[in-house]
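Data block below; observations after.
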Amino acid sequence: MEKIITVQNLVKKFGSFTANDNLSFDVYKGEIFGFLGANGAGKTTAIRILCGLSSPTSGNVKVAGFDIYRETEKVKKNIGYMSQKFSLYEDLTVAENIRLYAGIYGIPPKKRKEKMAELLKKLEMENARNKLIAGLPLGWKQKLAFSVAIFHEPKIVFLDEPTGGVDPVTRRKFWDLIYEAASNGITVFVTTHYMDEAEYCDRVSIMDAGKIEALDTPAKLKERYNAKNMDEVFIKIAR
Ligand SMILES: Nc1ncnc2c1ncn2[C@@H]1O[C@H](COP(=O)(O)OP(=O)(O)OP(=O)(O)O)[C@@H](O)[C@H]1O
C-alpha cells in the first residue's frame with residue numbers, strides 16, 4: 001500500500017510541556033484514518049503540523065510526498081482542511097463562500113462555475129445559494145465546509161472534529177460525504193470524539209497525553225482490548 005503520510009519521531013514542545021511525544025505512524029492512500037484522543041491529548045497540535053501550519057520541535061514528517069519543513073507550500077496545495085472553528089465566512093452567502101475558496105485554491109474561473117453548479121446540486125442547496133451562511137442549520141454548514149475543503153480535489157483532507165454539535169442522523173449523512181471522498185481516492189484524516197464514528201474508520205490511532213497508545217483497525221482494537229465497542233476501547237486507553 002502506498003504511504004501518503006509518514007510521521008517519524010514527531011515531537012512538539014510548548015516551553016517545557018510536550019504536546020506531541022515522539023509520534024511515529026503512516027497513513028495509506030485512500031484510507032479513512034481516525035485520530036482519536038481525549039481533550040488535550042495533542043491531536044490538533046499534530047494536525048496543525050501535518051498541514052504545515054506549525055513547525056515541529058523535531059522529527060520527520062512527509063505529507064503527500066513533501067517534507068513539511070522544506071516544502072510547506074507544496075504540502076498546502078495538496079491538502080484540504082476543515083475544522084469546527086475555522087471554516088466558512090458567516091457574513092457571506094453560500095455562493096460567495098464557494099467562489100472565495102475556489103479562488104484561494106486557484107481553480108480557473110471557467111471551471112469554477114461548472115463545479116459550483118455541480119456542488120449546489122449535489123448538496124441540494126441550489127435554493128440557498130444566495131443565503132447568508134449565518135442563517136443556515138449547522139448540518140448544512142458542515143456539509144458545505146467539507147465540500148469546499150475538497151473543492152480543489154486535494155490528495156488528503158484533514159478534518160478536525162468536523163461533526164461537533166450535530167445530531168446522530170446529520171452526522172451519519174456527513175459520513176456519506178466522507179465515504180464518497182475516500183472512494184474518489186482522497187485520503188481522509190479525521191479527529192472525532194464520537195466513538196460510533198471511530199467504527200467507520202479503516203484504522204484508528206488513540207492518543208493519550210501526547211503519545212499514540214494504540215493504532216489498528218477498529219475490529220483488531222476491540223479484539224485486543226476485549227471490548228464490545230470502540231467506546232470501551234477508548235475508555236481503557238485514554239484515562
Ligand atoms: N500554543 C500553545 N501553547 C502552549 N500550550 C499549548 C498550545 N497549543 C496547545 N497547547 C497544549 O497542548 C496540549 C494539546 O492540545 P491540543 O489542542 O493538541 O489537544 P487536542 O487533543 O486537540 O484536544 P481537543 O480534543 O480538546 O481539541 C494541551 O494541553 C494544550 O493546552
Side-chain angles (χ1 to χ4, degrees), residues 5-27 31-63 68-69 72 75-76 79-88 138-139 141-142 145-146 149 156-168 170-171 174-175 178 187-216 218 221 225 229-239:
I5 299 175
T6 57
V7 177
Q8 291 168 334
N9 309 111
L10 168 63
V11 174
K12 177 70 179 183
K13 293 189 180 202
F14 296 111
S16 60
F17 176 75
T18 306
N20 287 159
D21 192 356
N22 207 24
L23 307 183
S24 294
F25 62 94
D26 297 318
V27 178
E31 173 166 64
I32 301 177
F33 188 85
F35 200 55
L36 312 187
N39 291 120
K43 305 177 299 289
T44 299
T45 302
I47 286 202
R48 287 180 53 80
I49 291 169
L50 294 178
C51 292
L53 297 171
S54 146
S55 295
T57 306
S58 61
N60 291 314
V61 182
K62 275 196 162 186
V63 172
I68 51 117
Y69 282 105
T72 317
V75 168
K76 286 184 187 162
I79 63 167
Y81 174 71
M82 170 193 168
S83 93
Q84 223 185 322
K85 292 145 215 148
F86 169 77
S87 51
L88 304 168
L138 186 56
K141 289 186 203 178
Q142 286 171 336
F146 177 72
I156 307 164
V157 65
F158 290 91
L159 308 172
D160 197 359
E161 292 183 39
T163 56
V166 297
D167 64 80
T170 308
R171 286 200 281 120
F174 186 87
W175 271 80
I178 293 185
T187 304
V188 180
F189 189 103
V190 57
T191 76
T192 178
H193 286 295
Y194 299 111
M195 289 304 127
D196 55 329
E197 296 186 347
E199 307 265 0
Y200 305 151
C201 297
D202 294 315
R203 285 190 309 148
V204 160
S205 92
I206 302 180
M207 273 180 90
D208 184 44
K211 289 191 168 74
I212 292 183
E213 296 292 345
L215 196 175
D216 217 324
L221 287 174
Y225 288 91
N229 50 41
M230 284 304 291
D231 238 340
E232 275 189 32
V233 172
F234 187 82
I235 289 164
K236 286 184 176 173
I237 294 173
R239 289 148 289 170

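Counting starts at 1 for both ligands and their atoms, in listed order. Heavy-atom basis, side chains included; hydrogens, waters and symmetry copies ignored.
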Counting from 1 in the order shown, the ligand 1 atoms closer than 4.0 Å to a non-hydrogen atom of Ala19 are 12 (O)

Here the atoms of ligand 1 under 4.0 Å from any heavy atom belonging to Thr44 are 17 (O), 18 (O), 20 (P), 22 (O), 27 (O)

### Query
Hey, does the side chain of Lys141 reach the backbone of Leu88 with a donor-acceptor pair shorter than 3.5 angstrom?
no

- Any donor-acceptor pair under 3.5 Å linking the side chain of Gln142 with the backbone of Gly164? yes

Note to self: Please check: side-chain N/O of Thr57 versus main-chain N/O of Lys13, any donor-acceptor pairing under 3.5 Å?
What the structure shows: yes

Under 30°, 30 to 60°, or over 60°: which ring-plane class applies to Phe35 and Phe25, parallel, tilted or perpendicular?
-> tilted

Can the ring centroids of Tyr81 and Phe158 be said to lie less than 6.0 angstrom from one another?
no

Quick note on ligand 1: atoms under 4.0 Å from a heavy atom of Ala38 include exactly 21 (O)

| Taking both backbone and side-chain atoms of Gly42, is any N or O found less than 3.5 Å from an N or O belonging to ligand 1? | yes

The option among Phe14, Phe17, Phe35 carrying the non-hydrogen atom nearest to atom 29 (O) of ligand 1 is Phe17

Arg48 near ligand 1, heavy-atom distance under 4.0 Å? no

Counting heavy atoms under 4.0 Å, the part of His193 that contacts ligand 1 is side chain

